[in-house]
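Following: one structure in structure tokens, then a few remarks.
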Amino acid sequence: MPVRDVPLAADSVLYLHPRLRSLWPEFICSVPQLHRQALQLADGVCQSGIETLMWLHLRGLPVEVRRQVPVGGVGNVDFVVGNVVIEVDGETYHTDPLQFENDRRRDAVLATRGFRVLRFSYRHVTERWPEVASAISAVLLRT
């Protein structure tokens, strides 16, 4: 596994098995130095590898980014920056017709609460990051 993918996989493991979080610091010390820095980025907050990748990108922005933020009537949203909600949609889950409709319902509820919603696909985050970063920056500048 390439080192750049280590925090994505590790974050998924910690999310799925939260009881491992207390053992995480000790585990990090037991792995080769090459992977330690990447493993220290994992904390189990993000729900998927693509969310973790988005988080790693967003960490470089000069703004506060909150992850897995609960919003009444909507549930958790992936990221909140000011009044902007950023959702990352994997293809498998979000192409289901019922989930597609639920995503639009969530967006409408968020809009009524004063949020602007940006939704990006797996491919956007992995292959078109400069466009994603430009879109996020443009919306943040307007808010």
Side-chain angles (χ1 to χ4, degrees), residues 1-137 139-140 143:
M1 171 182 299
V3 173
R4 66 177 171 76
D5 292 342
V6 168
L8 283 60
D11 224 21
S12 292
V13 168
L14 290 174
Y15 174 76
L16 293 171
H17 305 284
R19 67 185 184 284
L20 297 176
R21 291 178 190 174
S22 64
L23 306 171
W24 201 242
E26 182 180 341
F27 171 71
I28 290 173
C29 291
S30 72
V31 301
Q33 183 66 32
L34 170 68
H35 296 295
R36 285 184 192 166
Q37 186 175 5
L39 288 170
Q40 289 171 340
L41 295 171
D43 61 10
V45 174
C46 293
Q47 294 182 340
S48 67
I50 194 59
E51 282 182 31
T52 302
L53 182 58
M54 176 64 97
W55 165 239
L56 295 175
H57 285 308
L58 292 173
R59 285 172 29 126
L61 297 177
V63 293
E64 178 189 9
V65 179
R66 296 180 296 146
R67 300 175 286 163
Q68 291 303 316
V69 178
V71 177
V74 173
N76 284 4
V77 297
D78 296 339
F79 303 96
V80 175
V81 182
N83 71 333
V84 178
V85 167
I86 301 170
E87 295 275 56
V88 183
D89 298 336
E91 182 178 3
T92 303
Y93 183 69
H94 294 275
T95 54
D96 172 86
L98 292 175
Q99 188 56 46
F100 181 87
E101 291 301 320
N102 188 53
D103 287 343
R104 277 32 188 197
R105 180 198 62 79
R106 288 167 46 101
D107 291 353
V109 172
L110 289 164
T112 65
R113 303 229 171 131
F115 289 101
R116 295 194 62 183
V117 180
L118 294 175
R119 208 171 264 288
F120 299 104
S121 70
Y122 175 89
R123 184 164 287 162
H124 282 119
V125 178
T126 60
E127 298 175 13
R128 301 167 66 182
W129 176 250
E131 292 173 34
V132 171
S134 292
I136 293 169
S137 295
V139 168
L140 291 175
T143 61

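Keep in mind it's a predicted model, so treat the numbers as computed, not measured.
Here the straight-line distance linking atom CG of D107 with atom OG1 of T112 works out to 11.0 Å at 0.5 Å rounding. Residue I136 holds its CD1 atom at 4.0 Å from CD1 of I86, rounded to the nearest 0.5 Å. A distance of 14.0 Å separates OH in Y122 from CG in D89, rounded to the nearest 0.5 Å. If you take CZ on R123 and CZ on R128, they are separated by 9.0 Å, rounding to the nearest 0.5 Å. One distance of note links CZ of R19 with CG of L14; it measures 11.0 Å at 0.5 Å rounding. Here L8 contributes atom CG and I50 contributes atom CD1; the two are 7.0 Å apart, rounded to the nearest 0.5 Å.
Minimum heavy-atom separation, V88 to D78: N-OD2, 2.7 Å. The heavy-atom pair separating V109 from G73 by the smallest distance is CG1-O, 4.4 Å. Nearest heavy atom pair, residue L41 against residue P7, reads CB-CB, 4.0 Å. In terms of heavy atoms, G114 sits closest to N83 at O-ND2, 3.4 Å. Residues F115 and V80 approach most closely at CE2-CG1, 4.2 Å, considering heavy atoms.
In this structure S134 satisfies the side-chain contact (heavy atoms from CB on, under 4.5 Å) test with no other residue, sequence neighbours excluded. Residues passing the side-chain hydrogen bond (donor to acceptor under 3.5 Å, both in side chains) test with S48, sequence neighbours excluded: none.
Each ring-ring contact (aromatic ring centres under 6.0 Å, His included) pair with one or both residues in residues 58-85, not counting sequence neighbours, would appear here, but there are none. Counting only residues at least two apart or on different chains, the side chain to side chain donor-acceptor pair (under 3.5 Å) pairs with a member in residues 49-63 are D11-T52, E51-Q68. The ring-ring contact (aromatic ring centres under 6.0 Å, His included) contacts involving residues 6-27 comprise W24-F27, where partners must be two or more places apart or lie in separate chains. Under the salt bridge (Lys or Arg N to Asp or Glu O under 4.0 Å) criterion, the residue pairs touching residues 33-49 are D43-R67, with sequence neighbours excluded.
Not one N or O on the side chain of R116 forms a donor-acceptor pair closer than 3.5 Å with the backbone of V139. Panel note: side chain R119, backbone E87; no donor-acceptor pair is recorded below 3.5 Å. The backbone N or O of F100 lies less than 3.5 Å from a partner atom in the side chain of R104, making a donor-acceptor pair.
Annotation: E127, atom CD; neighbour count of heavy atoms from other residues, nucleotides and ligands within 6.0 Å is above 12. In the displayed structure, Q40 atom CD is contacted under 6.0 Å by more than 12 heavy atoms of other residues, nucleotides or ligands.
With contacts defined as side-chain heavy-atom distances shorter than 4.5 Å, the pair V85/R106 does not qualify.
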M54 vs W129, side-chain contact (heavy atoms from CB on, under 4.5 Å): CA-CA, chis, key distance, verdict: CA-CA 9 Å; M54 176 64 97; W129 176 250; 3.4 Å; yes
